[in-house]
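This report concerns only the one structure given below.
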Amino acid sequence: MIETPVPAVILAMKPLAPDILFFSLQLDTGTVSSNFSFVPGQFLQISAAGAGEAPFSPVNLPGDDGVIELCIRKAGHVTAKLHTLQTGDYVHVRGPFGNGFPVKQMEGQDLFLLAGGLGIVPLHSLLSYLVMHRQRFGAITFMYGAKEPSALFLRQELQDMACTGNIKFMVTVEFAPEDETGKTSCNIGLLPDLLQGAIITAERSYAAVCGPPALYKCLVGELKTLGFKEERILLSLERRMKCGLGRCAHCAVGQDLCCIDGPVFPYSALKGIEGAL
Amino acid sequence: MAETFLTYNALGSFLVRLMQIGTLHGPTLNDLGVLSFNPVTSPDLLQLNYQRTLLPPKKYLLPPQSPILHYAPTEGYTPAKTPGDEILLFGLHPCDLAGIAYLDRVFLDDRPDPLYASRRERLVLVGISCESDEYCFCGDVGVCPTAAAVPFDLFLSRQDSGFRIRTGSRRGEEIISWAADIVGTAGAETRPAEAAETARRICHAVGKRRMFEGSTLWDDFAGRCLSCGACSLCCPTCYCVDVREYGAIDGQTGERVQEWDNCLFKAHGEIAGGINFRKTRQERFHYRFLHKYYGFGPLRDVISCVGCGRCRAVCPVGIDLLELFGEEPA
Ligand SMILES: Cc1cc2nc3c(=O)[nH]c(=O)nc-3n(C[C@H](O)[C@H](O)[C@H](O)COP(=O)(O)OP(=O)(O)OC[C@H]3O[C@@H](n4cnc5c(N)ncnc54)[C@H](O)[C@@H]3O)c2cc1C
Ligand code: SF4
Ligand code: SF4
Ligand code: FES
């Protein structure tokens, strides 16, 4: 784990949506890049010099080349600064932090990955892992919901992975402009609606969910109705991570710390905690 | 080392000797008449019969604002310089020593922080026994099974004619040996330690995991609280910090700074986009209550209130979380 931010050069940037940029970074130091690894669901602290740092999940798995890929939404102080940078500029990186998805525990099970909006990022990385080790897992269903078709980014990459990995891929949007409805294979509706049509053997399935907080409340209820045990519903939480090291206490969820005990929690650990979701 | 005895008459010479050994800090009145730990320029400025300082000694270990990283385009981010010489911190009450013990457990043992360790290393802790008042209740919190032993280099227990001195470290023994001409051997004189009823109540209620969910006090507190944050600032065990980065005027370099934060501030539970996990004051009080009496993170299930009484004494609207424990049967 890297404790003091190390430089990474921006290899490429491209817009995915009006407020979201894809960044490809290259870690600078040979030693660091050769030892640098993370599991899907862990996060990195990315610094923009003079502005500060914020947590982001890598969108892909770590390569052995020290390349890190991120999707960053402009949401405030630090992210606005990151959005002003250009190819060739430097950012700084610390991490990885947090627990990540319990991929070993998920082996042999059917998996439902449910992404809302930008929650796609860590689940894209998880899906890459599952596809890479496809034979270790049962049936995999990927459900992706967004406000409108233009907000469904990484769609082509996901579709390609779904093809190679024998993964059931479903998308839904809250609304689509009239003329597009026919053309896209998009469902109109909310993520929980997609679940209703799915064939699920809850006792040998895990659900991994990432999205805005409002999504969790309705999805957890839906998953429980479908028979999912609370410890098989995995939620990735967002907090303002100020240190990632369990020292600043800024990310506490009840008596847990999101940066150490999370960000991925089984619902059973969150149930009854005021302000968890 | 055997206990030694310092008569009240010899206290002045003892303090002068300490000032020869190192930089002495202790409770003094500042220009505004506020009692606080400060550098001591003359022994007679020390206020040793004090109740409590406004801020606890945590400011020596976690300053209100402290640079953690420096940024320069050529070097990138580099760790902040660690502090300098030894400080002899004189006149710490047992509750404040317990506060330091708590911070030590977090930042030396469970979440090692090099900057904290370097600040801690340069402190020599000289404790002193105290007389409790209506606000404090440290007496028995120490008997809860989870409470940590109190660290000190020297501890002075007030007796009728002077202080009994205990040593708690090699450094403490060294200091006493340098003052061998001033201190004498301890006699049989001892005062019994006080026990506090409030502390017993807290341990009892916490043992039963009482959260007082149905209490009307929560609404009462939330209705009155000004969200000023004084109760956390003055708490010897509150260590929440925010981290900010400030670009320098040269437009090139910058400093990343750690600053005291506060769970009673609305922004503490916020994330980007304005979503807030603790929107209401009730929720923020529940959160503070949970963390003070049940602990969190590495010190889950460790009571983090050391009974100093500061939060009850400073609250401008007289809010006292301990009133909840009044609902616990004696
Ligand atoms: C595990 C995890 C994974 C995430 N993954 C992604 C992802 O893949 N993609 C993505 O887009 N988002 C992701 N997020 C969300 C992302 O972290 C937030 O959008 C981001 O933190 C917003 O930062 P901001 O500074 O732009 O926003 P703001 O809301 O402006 O945050 C401001 C913060 O900056 C502080 N601040 C104010 N002034 C200063 C100053 N002068 N110096 C320094 N700090 C200051 C404030 O105290 C506040 O904490 C993730 C979050 C988590 C927890
Ligand atoms: S909660 Fe109040 S009484 Fe307890 S240690 Fe903190 S300031 Fe002192
Ligand atoms: S000191 Fe009193 S008014 Fe201020 S935040 Fe604490 S409880 Fe609220
Ligand atoms: S981010 Fe600092 S404790 Fe979790």
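On a predicted model such as this, the values are computed, not experimentally measured, just so you know. Residue numbering restarts at 1 for every chain, and letters A, B, ... go by the order of the sequence lines.
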First locate atom CE of A:M241, then atom CD1 of B:I271, and finally report the distance between them rounded to the nearest 0.5 Å.
10.0 Å
Check for a donor-acceptor pair, side chain of A:H250 on one end and backbone N or O of B:G269 on the other, with a separation under 3.5 Å.
no
Considering only heavy atoms, give the residues of residues 58-73 of chain B separated from chain A by less than 4.5 Å, sorted numerically, with 'none' for an empty result.
B:L69, B:Y71
Please walk me through it: do B:R111 and A:L245 pass side-chain contact (heavy atoms from CB on, under 4.5 Å)?
CA-CA 7 Å; B:R111 307 278 183 245; A:L245 295 161; 5.8 Å; no
Write out, in numerical order, the residues from residues 277-284 of chain B with a heavy atom short of 4.5 Å from a heavy atom in chain A.
B:F277, B:R278, B:E283
Does any non-hydrogen side-chain atom of A:D261 lie less than 4.5 Å from one of B:R300?
yes
Evaluate the side-chain proximity of A:E53 to B:R256: yes if any heavy-atom separation is below 4.5 Å, no if none is.
yes
Looking at A:S47 and B:Y77, what are the two nearest heavy atoms and their distance?
CB-OH, 3.6 Å
Toward chain B: residues of residues 268-277 of chain A with heavy atoms under 4.5 Å:
A:E274, A:G275, A:A276, A:L277
Is any side-chain heavy atom of B:E245 less than 4.5 Å from a side-chain heavy atom of A:V78?
no
When only heavy atoms count and the cut-off is under 4.5 Å, which of residues 218-232 of chain B reach chain A?
none
How long is the straight-line distance from CZ of A:R239 back to CD1 of B:I275, given to the nearest 0.5 Å?
10.0 Å
Determine whether B:D261 and A:R240 satisfy the following criterion, salt bridge (charged side-chain N to carboxylate O under 4.0 Å, His left out), listing intermediate values before the conclusion.
CA-CA 13 Å; B:D261 205 346; A:R240 253 181 197 148; over 6 Å; no
